[in-house]
Amino acid sequence: MSQTSNSSDAVSGLDDLYPSRQQSEPTLLERRDPVIHSGGGDPPPSITPQQVEDYARNGFVVLHDVFTAAEVAALQEELERLRTAPHIRVLPEAFSEPDNDELRSLFRVHELSAVFGGLAGDPRLSNIARYILNDEVYIHQSRVNLKPACRGKGFYWHSDFETWHVEDGMPRMRALSMSIALTENTVYNGSLMLMPGSHRTYVACVGETPEENYKQSLKNQSIGVPDDGSLKELHDRFGIAVPTGPPGTVTIFDCNTMHGSASNISPLPRSNVFFVYNAISNRAGEPFCDREPRPEFIGARRRIVPIPH
Ligand code: 6CS
Ligand code: FE
């Protein structure tokens with residue numbers, strides 16, 4: 001069973017404020033960073049003050065009608081181009097499903113595709129990231145997760161930050177993800193499940209980081225995931241929400257919000273594009289584990305390019 005402790009006596013090491021995969025027992029730590037870093041002032045027009053409040057409380061918020069139907073159609077066309085392009089499938093950024101050859105994820109999509117690069121830099125999204133993170137922002141990671149029809153495998157429960165901190169060396173909780181639906185996201189096709197409010201609790205996991213863990217974890221993550229006891233504890237406290245919506249729906253979630261998604265056995269693919277916005281002041285450094293840093297296409301570290309206004 002996980003113990004709960006406040007962050008002051010649980011933190012070990014000089015600069016590792018969120019130690020994980022070091023203890024023999026899982027531990028629930030309190031978050032040591034604000035959720036909304038902005039110093040107040042009005043949010044940008046693409047998010048309302050109420051939505052900012054919802055994000056602060058729940059660790060995620062869902063925005064509808066951000067894009068026009070024509071813009072969404074162009075994104076869907078680009079996804080299909082990438083999905084079927086032979087030269088894309090052979091890239092190191094392309095990960096297939098664990099049990100078949102279908103494309104599961106394509107990383108660094110904001111640089112591989114001018115269309116998705118434009119979306120990542122769209123002020124309707126980037127201005128929200130700058131406001132919440134109160135800094136210039138860059139893309140730490142981008143990907144399309146295609147979650148194909150009938151056999152798209154899920155993503156087990158996890159906190160993105162636990163991985164980005166331990167394996168990419170992201171120091172603080174000053175990053176967020178934006179997931180833009182490219183197909184219908186329904187209750188039955190493996191949509192994102194999030195635990196509202198879980199972003200303020202950090203689950204320090206047990207288990208050591210294997211060499212080149214990403215080769216396994218991006219197909220089926222087993223290290224850096226909460227144990228059953230911690231998961232039950234979080235569920236008792238926070239419950240589970242499943243945001244649904246049509247293509248174009250934007251789900252913004254904090255780097256530490258516990259989330260996952262079930263496998264898709266429906267005939268409807270659940271394809272989303274994800275952008276991870278990180279504060280420039282929070283750039284990835286040395287990993288907080290004794291492994292080599294992950295490749296640049298999974299966690300930016302050498303090429304840190306602030307998104308232009
Ligand atoms: O390891 C990572 O960075 C990736 N893993 C998951 C399951 N979510 C975030 C990210 O795509
Ligand atoms: Fe994730």
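Counting starts at 1 for both ligands and their atoms, in listed order. Residue numbers count from 1 along this sequence. Predicted, not measured: the structure shown is a model, and the values here were computed from it. Any value given below was found using the heavy atoms of this structure, including those in side chains, with hydrogens, waters and symmetry copies removed.
Tested against V109 for a side-chain contact (heavy atoms from CB on, under 4.5 Å), the candidates V144, L119, I139 yield a single pass: V144.
For I265, the CD1 atom counts as loosely surrounded, since its 6.0 Å shell holds 12 or fewer non-hydrogen atoms of other residues, nucleotides or ligands. In the displayed structure, R57 atom CZ is contacted under 6.0 Å by more than 12 heavy atoms of other residues, nucleotides or ligands.
Checking H110 against S142 by side-chain atom types alone, a donor-acceptor pair falls below 3.5 Å. Using modelled atom types, one finds a donor on one side chain and an acceptor on the other under 3.5 Å when comparing T209 with R21.
Residue contacts with ligand 1 for F274 are absent, since no atom lies close enough (heavy atoms, distance under 4.0 Å). If you look at E167 next to ligand 1, there are no close heavy atoms at all, none under 4.0 Å. The proximity of E162 to ligand 1, defined as any non-hydrogen pair under 4.0 Å, does not occur for either the backbone or the side chain.
For a threshold of 3.5 Å applied to N or O pairs, the pair formed by D168 and ligand 1 contains no separation below that value. By the 3.5 Å distance cut-off applied to N or O atoms, R143 is counted among the residues near ligand 1. At under 3.5 Å, a nitrogen or oxygen of H158, whether backbone or side chain, sits near a nitrogen or oxygen of ligand 1.
Classified by interplanar angle (parallel below 30°, tilted 30° to 60°, perpendicular above 60°), the ring pair H165/F288 is parallel.
The single protein non-hydrogen atom nearest to atom 10 (C) of ligand 1 is Q141 OE1, 3.1 Å, given as residue, atom name and distance. Closest protein heavy atom to atom 9 (C) of ligand 1: D160 OD1, 3.0 Å.
Listed by number with element, the atoms of ligand 1 under 4.0 Å from a non-hydrogen atom of T163 are 1 (O). Those atoms of ligand 1 that come under 4.0 Å of a heavy atom in Q221, given as number and element, are 7 (C). Every atom of ligand 1 with a heavy atom of R294 under 4.0 Å away is listed here by number and element: 1 (O), 2 (C), 3 (O). Which parts of ligand 1 touch L218 is read off a 4.0 Å heavy-atom cut-off, strictly below it: atoms 1 (O), 2 (C), 4 (C), 5 (N).
Closest to the Fe ion (ligand 2) among the N, O or S atoms of H158 is NE2. Take the N/O/S atoms of D160: the one nearest the Fe ion (ligand 2) is OD1.
The existence of a salt bridge linking E208 and R291 is confirmed by a sub-4.0 Å separation between a basic side-chain nitrogen and an acidic carboxylate oxygen.
Judged by a 6.0 Å distance limit and a 45° cone about the ring axis, R143 is positioned over the six-membered ring of F274.
In this structure the side chain of I252 reaches within 4.5 angstrom of the side chain of L63, judged on heavy atoms.
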